[in-house]
S.K.: 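Have a look at this one before I ask anything.
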Amino acid sequence: MNSYELITILGPTASGKTSLAVALAKAIDLEIISGDSRQVYRRMDIGTGKDLSEYGSVPYHLIDICDAGEKYNVFEFQHDFAKAFAEIKAKGKLPILCGGTGMYIESVLKGYKLLAVPENRELREQLSGFTLDELTVKLSTYKELHNKTDVDSVKRAIRAIEIEEYYRTKTPDVTEFSPINSLIIGVDIDRDLRREKITKRLKSRLEEGMIEEVRSIIESGVSPDDLIYYGLEYKYLTLYIIGQLTFDEMFAQLEMAIHQFAKRQMTWFRGMERRGFTIHWVDAMLPMEEKVNSICQLMNVPI
RNA sequence: GGGCGAUUACCAGAGUGGCCAAAUGGGGCAGACUGUAAAUCUGCUGGUAGUACCUUCGGUGGUUCGAAUCCAUCAUCGCCCA
């Protein structure tokens, strides 16, 4: 008797989102759509914590859909999500959106309106010599920006101008996404425990061959800069591999960066609550069965 | 045993008589964020009732109107001579 079109499971890194989503999917026959901005890349497995072996027979979507070295973004995610969502729906099943990338999740729950604006090489070249200040002045001539993200770097400012210019001259192809009615489950993990788990998990991933994983991606031709762009594990391990950090420096800095990342994730989720989303927090420490049961209750599904 | 140099808030580290609750960086905490989001950016960070008061700069005791800053002494650490 629920009108939910989707179940969303979110939480900071190392909170156990994936296991919970898989357990729930097994219990009531669901399919999982990943809401993770890094698990989309192939061969980036250990560092993104894909844990594909956990899924068993549960179908998953939006994992391994790009090559390492490519650059995926929210716009593409929104479209890919819509497609996967429709497919699962067509099968008469309920999808679970599970991930830790707050903006990706919110973009589909809210139905962000993003314009399909292609790259404008000519314009980019034209603007390439400008300073951020000059670009900011130029930006201020537009009434209202369509792209509401920060314009605090030259790259972003140019992108914002690109979007405005495109919008001025053409009618962009706007795919209308509507907000989705989703039950939102947040995995709540005590801060100190979270930090402890992050550190432990980092150690075990290093033992499982995470360094080799990054090294082999570099050897296959992906440039270190492109890997550094991905942040966290891929950034610090690459810096270690190319000799810019010692092992100890890499470990200490990466550990810290993951802690900070987890904190930022929580800030996003709390922000979502302030923006009107209801998140049902479940204690990460509860036994899996209890977590699954409590979600089933929220959904009014008989257990 | 002798000589010199250190000792500052969670950490590193400035400050060397008043403008010092103490620069700066890191960490931590909180927040923002519709096209890099594992990114980027902002605020706070001794205590309390928020421009005021209280307790701080290794310990103790002095000098001074006034000390993190000067003196004495003790403690710990580092380097040099034995």
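Every chain is numbered from 1, with letters handed out A, B, ... down the list of sequences.
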S.K.: So which nucleotide does C41(B) pair with, by the Watson-Crick or G-U wobble rule with both distances under 3.5 Å?
M.R.: G31(B)
S.K.: Does a side-chain N or O from Tyr234(A) land closer than 4.0 Å to OP1 or OP2 of A38(B), or not?
M.R.: no
S.K.: Pick base, sugar-phosphate or nothing for Gly47(A), based on heavy-atom distances below 4.0 Å to the nucleic acid.
M.R.: base
S.K.: Classify the side chain of Lys263(A) versus the base of A30(B) as yes if they form a donor-acceptor pair under 3.5 Å and no if they do not.
M.R.: yes
S.K.: Rounded to whole angstroms, how far apart are CG on Asp225(A) and C1' on U36(B)?
M.R.: 14 Å
S.K.: Closest-nucleotide mapping onto RNA chain B: is Met256(A) or Tyr72(A) further toward the 5' terminus? I mean the 5' end.
M.R.: Met256(A)
S.K.: Contact class for Thr13(A) (heavy atom, under 4.0 Å): base, sugar-phosphate, or nothing?
M.R.: nothing
S.K.: So, does Arg270(A) get its side chain near the phosphate of G31(B), meaning an N or O under 4.0 Å from OP1 or OP2?
M.R.: yes
S.K.: About how many Å separate CG of Asp51(A) and NZ of Lys17(A), when rounded to the nearest 0.5 Å?
M.R.: 10.0 Å
S.K.: Roughly how far apart, to the nearest Å, are A52(B) and G59(B) at atom C1'?
M.R.: 31 Å
S.K.: Whole Å only: how far is the CD atom of Glu255(A) from the C1' atom of G28(B)?
M.R.: 14 Å
S.K.: Rounded to the Å, how far apart are Glu106(A) CD and A37(B) P?
M.R.: 15 Å
S.K.: For Tyr72(A), which residues count as a ring pair (Phe, Tyr, Trp, His ring centres under 6.0 Å) partner, sequence neighbours excluded?
M.R.: none
S.K.: For C57(B) and A82(B), measure between their P atoms and round to the nearest Å.
M.R.: 39 Å
S.K.: Do the side chain of Lys197(A) and the main chain of Ser15(A) share a donor and acceptor less than 3.5 angstrom apart?
M.R.: no
S.K.: Return whichever of Gly271(A) or Tyr230(A) has its heavy-atom-nearest nucleotide of RNA chain B closer to the 5' end.
M.R.: Gly271(A)
S.K.: Rounding to the closest angstrom, what is the interatomic distance between U7(B) and A14(B) at atom C1'?
M.R.: 15 Å
S.K.: Roughly, in whole Å, what's the span from CD1 in Ile105(A) to P in C33(B)?
M.R.: 17 Å
S.K.: Pull out every residue in residues 184-215 of chain A that has a heavy atom closer than 4.0 Å to any atom of RNA chain B, ordered by number, or say none.
M.R.: Arg191(A), Arg195(A)
S.K.: Roughly how many Å is it from CE in Met103(A) to P in U36(B), rounded to a whole number?
M.R.: 7 Å
S.K.: With a cut-off of less than 4.0 Å, is there a side-chain N or O of Gln260(A) near OP1 or OP2 of G27(B)?
M.R.: yes
S.K.: Given the C1' atoms of C44(B) and A38(B), what is the spacing between them in whole Å?
M.R.: 25 Å
S.K.: Looking at G31(B), I'd like to know if its phosphate oxygens (OP1 or OP2) sit under 4.0 Å from a side-chain N or O belonging to Arg274(A).
M.R.: yes
S.K.: Report yes if at least one side-chain N or O of Arg38(A) is closer than 4.0 Å to OP1 or OP2 of A39(B); otherwise report no.
M.R.: no
S.K.: Write down the partner of C65(B) under the Watson-Crick or G-U wobble criteria, each distance required to be under 3.5 Å.
M.R.: G18(B)
S.K.: When rounded to the nearest Å, what value does the distance between C1' atoms of A22(B) and G13(B) take?
M.R.: 12 Å
S.K.: Could you tell me how far apart Leu239(A) (CG) and A38(B) (P) are, to the nearest whole angstrom?
M.R.: 18 Å
S.K.: Between Trp281(A) and Arg270(A), is there a cation-pi geometry (under 6.0 Å to ring centre, at most 45° from the normal)?
M.R.: no
S.K.: Taking atom P in both G58(B) and C53(B), what distance in whole Å separates the two?
M.R.: 25 Å
S.K.: Taking the C1' atom of each, how far is C65(B) from G17(B), in whole Å?
M.R.: 12 Å
S.K.: Evaluate side chain to side chain contact (heavy atoms under 4.5 Å, CB included) for Ile295(A) paired with Leu183(A), printing each intermediate quantity in order.
M.R.: CA-CA 9 Å; Ile295(A) 296 171; Leu183(A) 172 69; 4.3 Å; yes
S.K.: Quantified in whole Å, what is the C1' atom distance between nucleotide U56(B) and nucleotide U69(B)?
M.R.: 15 Å
S.K.: In whole Å, what is the span from the CE atom of Met266(A) to the C1' atom of G31(B)?
M.R.: 14 Å
S.K.: May I have the distance from Trp268(A) (atom CH2) to U40(B) (atom C1'), rounded to whole angstrom?
M.R.: 12 Å
S.K.: Would you tell me whether Glu255(A) and Thr199(A) have side-chain atoms, one donor and one acceptor, within less than 3.5 Å of each other?
M.R.: yes
S.K.: Got a sec, which residues hit ring pair (Phe, Tyr, Trp, His ring centres under 6.0 Å) with Tyr60(A), two or more places apart in sequence or on another chain?
M.R.: Tyr55(A)
S.K.: Answer yes or no: is there a side-chain heavy-atom contact under 4.5 Å between Glu213(A) and Glu233(A)?
M.R.: no
S.K.: With a cut-off of less than 4.0 Å, is there a side-chain N or O of Thr267(A) near OP1 or OP2 of C33(B)?
M.R.: no
S.K.: Of the listed nucleotides (U34(B), A38(B), G28(B)), which one gets closest to any side-chain atom of Tyr112(A)?
M.R.: U34(B)
S.K.: May I ask which nucleotide in the shown strands pairs with C53(B), Watson-Crick or G-U wobble, both distances under 3.5 Å?
M.R.: G47(B)
S.K.: Rounded to the nearest 0.5 Å, how far does CZ of Arg194(A) lie from CD1 of Ile258(A)?
M.R.: 12.0 Å
S.K.: Is the backbone N or O of Ile241(A) less than 3.5 Å from a side-chain atom of Arg215(A), with the two atoms forming a donor-acceptor pair by type?
M.R.: no
S.K.: Strictly by Watson-Crick or wobble contacts shorter than 3.5 Å, is anything paired with G5(B), and which nucleotide is it?
M.R.: C77(B)
S.K.: Could you please name the option among G28(B), A38(B), A39(B) that lies closest to any side-chain atom of Arg264(A)?
M.R.: A39(B)
